[in-house]
Trainee: 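Below: one structure in structure tokens.
Sequence positions, counted from 1, serve as the residue numbers for this chain.
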Amino acid sequence: METMNISAVADTAAETTTTTSAPKHKWLAKGSKVFKRGILFCTMAGCMAMTGSIQAFAATGEVDTSSFITTACTVLKSVICLIGGGVSLWGVVNLLEGYGNDNPGAKSQGMKQLMAGLGLILLAVILVPVLQNMMTGAV
């Protein structure tokens with residue numbers, strides 16, 4: 001049986017950990033720390049500013065909920081319709097590519113995307129006004 005010198009193994013392990021854990025460029029590590037602190041400071045300052053502005057707007061006491069709900073529903077309807085239109089357009093492109101290259105997989109994918117986009121548009125046209133009526137009725 002061989003006897004091992006444990007102190008030699010420990011010294012070798014200590015040497016490898018100290019040489020590999022030190023950064024190659026000290027200025028890079030220092031710069032990234034400064035950058036992280038700057039991002040943290042900007043985030044905290046932004047949160048404090050938003051909190052102050054929310055309190056300033058809430059102090060007026062005049063809140064028109066019906067116009068807010070109408071505006072929010074209009075924006076929601078527009079966003080859903082735009083997403084549905086984009087998905088539909090992408091589906092048409094895939095469908096035409098599938099017919100051009102005689103690729104049944106692309107045709108199937110294009111048809112699925114086209115139907116999903118049209119479904120989103122239909123959902124926006126039908127469901128959002130119903131939600132708007134529910135929210136204005138609850139207020």
Side-chain angles (χ1 to χ4, degrees):
M1 282 175 89
E2 284 184 40
T3 59
M4 293 181 70
N5 188 355
I6 295 179
S7 63
V9 172
D11 291 340
T12 307
E15 287 175 10
T16 56
T17 57
T18 56
T19 56
T20 56
S21 64
K24 292 183 180 179
H25 303 287
K26 290 185 179 182
W27 61 270
L28 182 63
K30 189 175 184 181
S32 65
K33 286 181 184 178
V34 170
F35 187 69
K36 286 179 184 178
R37 286 184 184 155
I39 290 175
L40 178 66
F41 175 75
C42 290
T43 305
M44 293 299 290
C47 289
M48 290 171 62
M50 285 192 307
T51 303
S53 66
I54 288 171
Q55 290 176 355
F57 286 124
T60 60
E62 298 176 18
V63 178
D64 187 17
T65 56
S66 63
S67 66
F68 172 74
I69 291 172
T70 304
T71 306
C73 288
T74 304
V75 169
L76 181 65
K77 187 176 181 181
S78 300
V79 167
I80 292 174
C81 283
L82 285 172
I83 291 172
V87 171
S88 298
L89 184 65
W90 195 1
V92 168
V93 168
N94 278 342
L95 193 61
L96 292 176
E97 182 183 345
Y99 279 116
N101 295 335
D102 196 29
N103 185 359
K107 283 190 257 186
S108 173
Q109 184 72 18
M111 187 58 71
K112 289 176 190 174
Q113 287 172 341
L114 177 64
M115 291 298 129
L118 293 176
L120 275 173
I121 293 172
L122 188 65
L123 184 80
V125 169
I126 292 174
L127 188 65
V128 172
V130 171
L131 290 173
Q132 181 178 0
N133 290 337
M134 281 178 26
M135 286 189 287
T136 53
V139 174

Trainee: When clusters are formed by joining ILVMFWY residues with side-chain heavy atoms under 4.5 Å apart, either directly or through shared neighbours, do I126 and I80 land in the same one?
Mentor: no
Trainee: Indicate, with yes or no, if L114 and L120 share a hydrophobic cluster defined by side-chain heavy-atom contacts under 4.5 Å among Ile, Leu, Val, Met, Phe, Trp and Tyr.
Mentor: no
Trainee: Would you compute the distance between atom OG1 of T70 and atom CD of Q132 and round it to the nearest 0.5 angstrom?
Mentor: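 So the OG1 of T70 and the CD of Q132 are separated by 5.0 Å.
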Trainee: Examine L76 and V79 and state if one hydrophobic cluster contains both, with Ile, Leu, Val, Met, Phe, Trp and Tyr joined whenever side-chain heavy atoms are less than 4.5 Å apart.
Mentor: yes
Trainee: Measure the CD-CG distance between Q113 and L95 for me, rounded to the nearest 0.5 Å.
Mentor: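 Reported value, rounded in 0.5 Å steps: 10.0 Å.
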Trainee: Would you say Y99 ends up clustered with V92 if hydrophobic residues are merged whenever their side chains have heavy atoms under 4.5 Å apart, either directly or through other cluster members?
Mentor: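 Hydrophobic grouping puts V92 with Y99.
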Trainee: In Å, rounded to the nearest 0.5 Å, how long is the span from CG of N133 to CD1 of I69?
Mentor: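 Here the interatomic distance stands at 10.5 Å.
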Trainee: For the residue pair M135 and C73, what are the closest heavy atoms and their distance?
Mentor: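 What the structure gives for the nearest pair is CE-SG, 3.6 Å.
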Trainee: Do V75 and I83 land in one hydrophobic cluster if side-chain heavy atoms of ILVMFWY residues count as linked below 4.5 Å?
Mentor: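 Result: yes, single cluster for both.
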Trainee: Which value, rounded to the nearest 0.5 Å, describes the distance between L131 atom CG and T136 atom OG1?
Mentor: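 So the CG of L131 and the OG1 of T136 are separated by 10.5 Å.
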Trainee: Could you report the tightest heavy-atom contact between P129 and K77, atom names first, then the distance?
Mentor: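 P129 and K77 have their closest heavy atoms at CG-NZ, 4.4 Å.
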Trainee: Going through the checks in order, is the side-chain contact (heavy atoms from CB on, under 4.5 Å) test met by M111 and N94?
Mentor: CA-CA 8 Å; M111 187 58 71; N94 278 342; over 6 Å; no
Trainee: Return the minimal non-hydrogen interatomic distance between L118 and S88, and the atom names on each side.
Mentor: N-OG, 3.3 Å
Trainee: Using only atom types and a distance under 3.5 Å, with no angle test, would you say the side chain of T43 pairs donor to acceptor with the backbone of I39?
Mentor: yes
